[in-house]
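Just so you know, residue 1 is the first one in the sequence shown, and it goes up from there. All values derive from a computational prediction rather than experimental measurement.
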Amino acid sequence: MYKINHNQDLNILEVEDAKSKLYAKLSINDGGSLQELILNGKVIIENLAPLTYDVTYASSILFPFANRIKDGTYKYKGKQHQFEINQKEENNALHGLVFNKSFLVKETNTSDDSATIVLEYDETELSKGFPFTFNIKLKYVFTQNTVTLLVSVINTSSKTFPFTLGWHPYFLSDNLFESDIKFDATKKLVFDNRNITNGFEDYESDGIFQIKNQRLDDCWILNTNEVKFNTPKYQLTITSSSDNNFLQVYTPPKVNNIAIEPTTGVSDSFNNKIGMQTLKPNETYDVTWKVMID
């Protein structure tokens, strides 16, 4: 039987099932992010200490924009908006507005073969750079070999707003040098020295990206909704329900960890419009990301 424990002091949810060898830890105060994960006895996501969450954004939900906004500024419907600059070294706004919010636990359910957690954050204030209100729900479903994350955003304001969405998990390999990522792409984004998108280039590949000892902070336009991460100990598949799929890959200063980020937009999307969508008042946008190990 799956069990869910809520540590009220730390505001952390832990999911465990001895039979399926599953363990997961969610940090409710860090945007409801998935900080640790063991599936079928294999460590998939580990604590990135000594790196801290405010540096890694580990498993954070990226909304209302994924990645960066150049100088934190953009124009929407004739009005100029200015986000807070939270990436001082590049003078960019980074990873949206909900990564550090405290979510509410709305629902927990367990059975013999799964556990479900629903978290919610309701933004009622007009924030700097994003003068709109919204409600965002995260529904996690854990089974022996899978984690499914459904993100639902409702526009609760009286005006249409722009957005992209992303997820920022880091996955552990026992040997990243001998691991690879399999995906279908023919275009790769070109970044400037501040990691701002300034174009595309053709990407030719046999579909298998060898990681080796590369330092990565790269993004591809995907032709499908599936990415595979192959390691010496496990094979992992990430799927997305989105029609627009981009893959951001980043190697942190933490050995054998790699961020494999499914997103619906790219760096500076509010300015270049690549992947940017709009949501009308009272409308809902849903995206589901699923992680499965073989």
Engineer: Taking only Lys NZ, Arg NE, NH1 and NH2, and the carboxylate oxygens of Asp or Glu, determine whether Lys3 and Asp17 approach each other closer than 4.0 Å.
Structural biologist: no

Engineer: Please find the pair of heavy atoms, one from Leu51 and one from Pro252, that lie closest to each other, and give the distance.
Structural biologist: CD1-CB, 4.4 Å

Engineer: Quick check: does any side chain N or O of Asn271 sit under 3.5 Å from a backbone N or O of Thr73, one acting as donor and the other as acceptor?
Structural biologist: yes

Engineer: Looking at every heavy atom in both Glu123 and Glu125, which two are closest together, and how far apart are they?
Structural biologist: OE2-N, 2.9 Å

Engineer: For a quick check under 3.5 Å, do Asp113 and Ser111 share a side-chain donor-acceptor pair by atom type?
Structural biologist: yes

Engineer: Any ion pair linking Asp71 and Arg194 (charged N to carboxylate O, less than 4.0 Å)?
Structural biologist: yes

Engineer: Students often mix this up, so state it plainly: with edges at 30° and 60°, are the rings of Tyr121 and Phe103 parallel, tilted or perpendicular?
Structural biologist: tilted

Engineer: Compute whether any side-chain donor of one residue and acceptor of the other, for Asn40 and Gln144, lie under 3.5 angstrom apart.
Structural biologist: yes

Engineer: Could you tell me whether Asp243 atom CG has more than 12 heavy atoms of other residues or ligands within 6.0 Å of it?
Structural biologist: no

Engineer: Give the minimum heavy-atom separation between Phe246 and Cys219, together with the two atoms involved.
Structural biologist: CB-SG, 4.2 Å

Engineer: Measure the shortest side-chain to side-chain distance between Glu261 and Leu62 over non-hydrogen atoms and say whether it is less than 4.5 angstrom.
Structural biologist: yes

Engineer: State whether the side chain of Ser267 and the backbone N or O of Asn195 hold a donor-acceptor pair below 3.5 Å, judged by distance alone.
Structural biologist: yes

Engineer: Is it true that, when you exclude Lys188 itself, more than 12 heavy atoms of the residues, nucleotides or ligands shown sit nearer than 6.0 Å to its NZ?
Structural biologist: yes

Engineer: Side chain of Asp184, backbone of Thr224: donor and acceptor closer than 3.5 Å?
Structural biologist: no

Engineer: Hey, could you give me the CG/CG distance between Leu34 and Leu149, rounded to the nearest 0.5 Å?
Structural biologist: 8.5 Å

Engineer: Can you find a heavy atom in the side chain of Arg68 that is under 4.5 Å from one in the side chain of Gln87?
Structural biologist: yes

Engineer: Is Asn11 reaching over with its side chain to a backbone N or O of Asp30, donor-acceptor style, under 3.5 angstrom?
Structural biologist: no

Engineer: Of the non-hydrogen atoms in Phe99 and Tyr53, which two are nearest, and what is the gap between them?
Structural biologist: O-OH, 2.6 Å

Engineer: Can you tell me if Ser240 and Asn245 form a side-chain donor-acceptor pair at under 3.5 Å?
Structural biologist: yes

Engineer: Should Leu165 and Leu222 be regarded as members of a common hydrophobic cluster, given that ILVMFWY residues are connected when their side-chain heavy atoms come within less than 4.5 Å of each other, either directly or indirectly?
Structural biologist: yes

Engineer: Return the CG to CG distance between Asn86 and Leu94, rounded to the nearest 0.5 Å.
Structural biologist: 5.5 Å

Engineer: Quick check for you: to the nearest 0.5 Å, what is the distance between Ser269 atom OG and Lys70 atom NZ?
Structural biologist: 14.5 Å

Engineer: Which label fits Phe132 and His81: parallel for a plane angle under 30°, tilted from 30 to 60°, or perpendicular past 60°?
Structural biologist: tilted

Engineer: Compute whether any side-chain donor of one residue and acceptor of the other, for Glu14 and Asn7, lie under 3.5 angstrom apart.
Structural biologist: no

Engineer: Got a second to check how far Asn100's CG is from His95's NE2, nearest 0.5 Å?
Structural biologist: 12.5 Å

Engineer: By ring pair (Phe, Tyr, Trp, His ring centres under 6.0 Å), which residues pair with Phe171, not counting sequence neighbours?
Structural biologist: none

Engineer: Quick check against the 3.5 Å criterion: does Gln35 have a side-chain atom that pairs as donor or acceptor with the backbone of Ala58?
Structural biologist: yes

Engineer: Between Asn256 (side chain only) and Leu172 (backbone N and O only), is there a donor and an acceptor less than 3.5 Å apart?
Structural biologist: no

Engineer: I'd like to check Thr263 versus Asn67 (side-chain heavy atoms, cut-off strictly below 4.5 Å). Are they in contact?
Structural biologist: no

Engineer: Over 60° means perpendicular and under 30° means parallel, so classify the ring planes of Phe83 and Phe270, tilted if in between.
Structural biologist: tilted

Engineer: With ring-ring contact (aromatic ring centres under 6.0 Å, His included) as the test, would you mind laying out the steps for Phe163 and Phe134 before giving the verdict?
Structural biologist: CA-CA 11 Å; Phe163 75 97; Phe134 58 88; over 10 Å; no

Engineer: Under 3.5 Å, is there a donor-acceptor pair between the side chain of Tyr203 and the main chain of Ile221?
Structural biologist: no

Engineer: Would you say Tyr170 ends up clustered with Ile211 if hydrophobic residues are merged whenever their side chains have heavy atoms under 4.5 Å apart, either directly or through other cluster members?
Structural biologist: no

